2 protein chains.
Amino acid sequence: MVSRLESAAATRQALLDAAADLLNTGGLEAVTLRAVGARAGVTRGAPYRHFADKESLLIAIGSAAWDRIAEHSAALRADGTLPPVRKLRAALVALIDIGRAQPHLYRLMFSNPPGDPAALARAARRSHDEFLAIVGELVGAADARRYGALLIGSVGGITGMEVSGQLADPKWSQTPEDLVDTLVEMVAHASRA
Amino acid sequence: MVSRLESAAATRQALLDAAADLLNTGGLEAVTLRAVGARAGVTRGAPYRHFADKESLLIAIGSAAWDRIAEHSAALRADGTLPPVRKLRAALVALIDIGRAQPHLYRLMFSNPPGDPAALARAARRSHDEFLAIVGELVGAADARRYGALLIGSVGGITGMEVSGQLADPKWSQTPEDLVDTLVEMVAHASRA
DNA sequence: ATTTTCAGATGACGTTGTCACCTTTCCGAG
DNA sequence: CTCGGAAAGGTGACAACGTCATCTGAAAAT
């Protein structure tokens, strides 16, 4: 008694899960439509009933990841028990966690696909808005844009260094969390002056 | 009177130039060994006399870009007429300039290839060392590691936002240069305290 | 002068993304 | 209740790609 619509939606989700799984375990090169189909229990042509092409499937995965981050930030913002500095730090560290646990997914989130270069940037907007609100609680609405862009960009890059193994160089002797703490401290201090 | 060695070296460079050109104009997807060979005046199999595979060719391009940055930073560091803050800003803005002028090359520089994930991270080390020295001039050797990692990561991420078009959102109303100025100012201030 | 070496050309193979066509199954109108 | 359209999925085919084995010709070494 599964309706056709339910079955189709389930297949679509199975394709997304299969692709995300392959991405995490074997990297982007392991994500082939044939492998995705096989893991989802269908054949190579089936994904075209749910996604225009391979790129659309990847964009959907990246967008979903951005949506989860947006929800996480929204939940943080709504938490009244946490002081703004804590919210900010938690929101930033969430990105680091994704980068560490799912580096290939992290890369995908920041890629811009050849066909629709702005697709993932659009998906990131909701997440950025939530983040902007959290920053505003700390530094005030006037400076939120300035420090918001700086913090998001910085953490994105710091996580990128971690993902590509550059931060592992003993030359730095800093964890991403260390750097985030320094960054938040500097921003909090600068906004008070 | 071109010797065979000279001819081989010229072909190798022609392949690198052709690939870099295709990368800049058409993105990574436009870089096919057949197209690279055609533009360099050879056929599709010829690149295998100079590079183990396609990935090695791309790594060579990314490494060369990192080398150019290292040289640029070294030249900056040797310039006695510039105060440390100026050197630091110029070194950081150099990354932004590459990102803007050659976004696909910029992406390649920060990618980690499936075969040798640390290859480009190694190529970036010399550049990082030069940068570390410049930071040291400003904040002292004790804090150089801390702020060096923070600055490199931050600027990498900020440029990434610019490259992927996220900073273009009027929501931020900040140029990458604005953010770098804020960042440098904050670091200079923090290191004085 | 002869042998070795190596850049380059060519043919072939497996894999991939994609499309056209066919089959099957479900939903809704009569 | 029937039947016709719609849509999911399967199958065959094709072009493009990375890669390798093999061949050729010319330069370097002996």
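Chain identifiers are assigned alphabetically (A, B, ...) following the order of the sequence lines, protein sequences preceding nucleic acid strands; residue numbering begins at 1 within each chain. Since we're looking at a predicted model, the values are computed, not measured.
A close approach under 4.0 Å does not occur between any side-chain nitrogen or oxygen of His50(A) and OP1 or OP2 of dA7(D).
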Review item, side-chain donor-acceptor pairs of residues 74-97 of chain A, under 3.5 Å, at least two apart:
{"unit_1": "Arg77(A)", "atom_1": "NE", "unit_2": "Glu130(A)", "atom_2": "OE1", "d": "2.9"}
{"unit_1": "Arg77(A)", "atom_1": "NH2", "unit_2": "Glu130(A)", "atom_2": "OE1", "d": "3.2"}
{"unit_1": "Asp79(A)", "atom_1": "OD1", "unit_2": "Thr81(A)", "atom_2": "N", "d": "2.8"}
{"unit_1": "Asp79(A)", "atom_1": "OD1", "unit_2": "Thr81(A)", "atom_2": "OG1", "d": "2.7"}
{"unit_1": "Lys87(A)", "atom_1": "NZ", "unit_2": "Arg77(A)", "atom_2": "O", "d": "3.0"}
{"unit_1": "Lys87(A)", "atom_1": "NZ", "unit_2": "Asp79(A)", "atom_2": "O", "d": "3.2"}
{"unit_1": "Lys87(A)", "atom_1": "NZ", "unit_2": "Glu137(A)", "atom_2": "OE1", "d": "3.2"}
{"unit_1": "Arg89(A)", "atom_1": "NE", "unit_2": "Asp181(A)", "atom_2": "OD1", "d": "2.6"}
{"unit_1": "Arg89(A)", "atom_1": "NH2", "unit_2": "Asp181(A)", "atom_2": "OD1", "d": "3.3"}
{"unit_1": "Arg89(A)", "atom_1": "NH2", "unit_2": "Asp181(A)", "atom_2": "OD2", "d": "3.3"}

Could you pull out all donor-acceptor pairs under 3.5 Å where a side-chain atom in residues 186-193 of chain B meets a protein atom, sequence neighbours excluded?
{"unit_1": "Ser191(B)", "atom_1": "OG", "unit_2": "Val187(B)", "atom_2": "O", "d": "3.3"}
{"unit_1": "Ser191(B)", "atom_1": "OG", "unit_2": "Ala188(B)", "atom_2": "O", "d": "3.0"}

Side chains of residues 150-160 of chain B: which donor-acceptor pairs under 3.5 Å do they make with residues two or more places apart or in other chains?
{"unit_1": "Ser154(B)", "atom_1": "OG", "unit_2": "Ser154(A)", "atom_2": "OG", "d": "3.0"}
{"unit_1": "Ser154(B)", "atom_1": "OG", "unit_2": "Leu150(B)", "atom_2": "O", "d": "2.7"}
{"unit_1": "Thr159(B)", "atom_1": "OG1", "unit_2": "Val155(B)", "atom_2": "O", "d": "2.8"}

Return a table of donor-acceptor pairs under 3.5 angstrom between the side chains of residues 56-71 of chain B and protein atoms on other chains or two or more places apart.
{"unit_1": "Ser56(B)", "atom_1": "OG", "unit_2": "Asp53(B)", "atom_2": "OD1", "d": "2.9"}
{"unit_1": "Ser63(B)", "atom_1": "OG", "unit_2": "Ile59(B)", "atom_2": "O", "d": "2.8"}
{"unit_1": "Trp66(B)", "atom_1": "NE1", "unit_2": "Met109(B)", "atom_2": "O", "d": "3.1"}

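For the segment residues 11-27 of chain B, the set of residues with a heavy atom within less than 4.0 Å of an atom of DNA chain C comprises Thr11(B), in numerical order.
Sorted by first and then second residue, the pairs that involve residues 23-40 of chain A and meet side chain to side chain donor-acceptor pair (under 3.5 Å), not counting sequence neighbours, are Asp21(A)-Arg39(A). Sorted by first and then second residue, the salt bridge (charged side-chain N to carboxylate O under 4.0 Å, His left out) pairs involving residues 103-123 of chain A (not counting sequence neighbours) are Asp116(A)-Arg122(A).
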| message | Walk along nucleotides 9-21 of chain C from 5' to 3' and tag each nucleotide B, S or - by protein heavy-atom contact under 4.0 Å, base first, then sugar-phosphate. | response | BBB----BBB--B

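Partners of Asp143(B) under the salt bridge (Lys or Arg N to Asp or Glu O under 4.0 Å) rule, at least two apart in sequence or in another chain, do not exist in this structure.
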| request: Quick one: do Arg146(A) and Trp172(B) satisfy side chain to side chain contact (heavy atoms under 4.5 Å, CB included)? Show the steps, please. | output: CA-CA 7 Å; Arg146(A) 188 186 192 187; Trp172(B) 305 113; over 6 Å; no

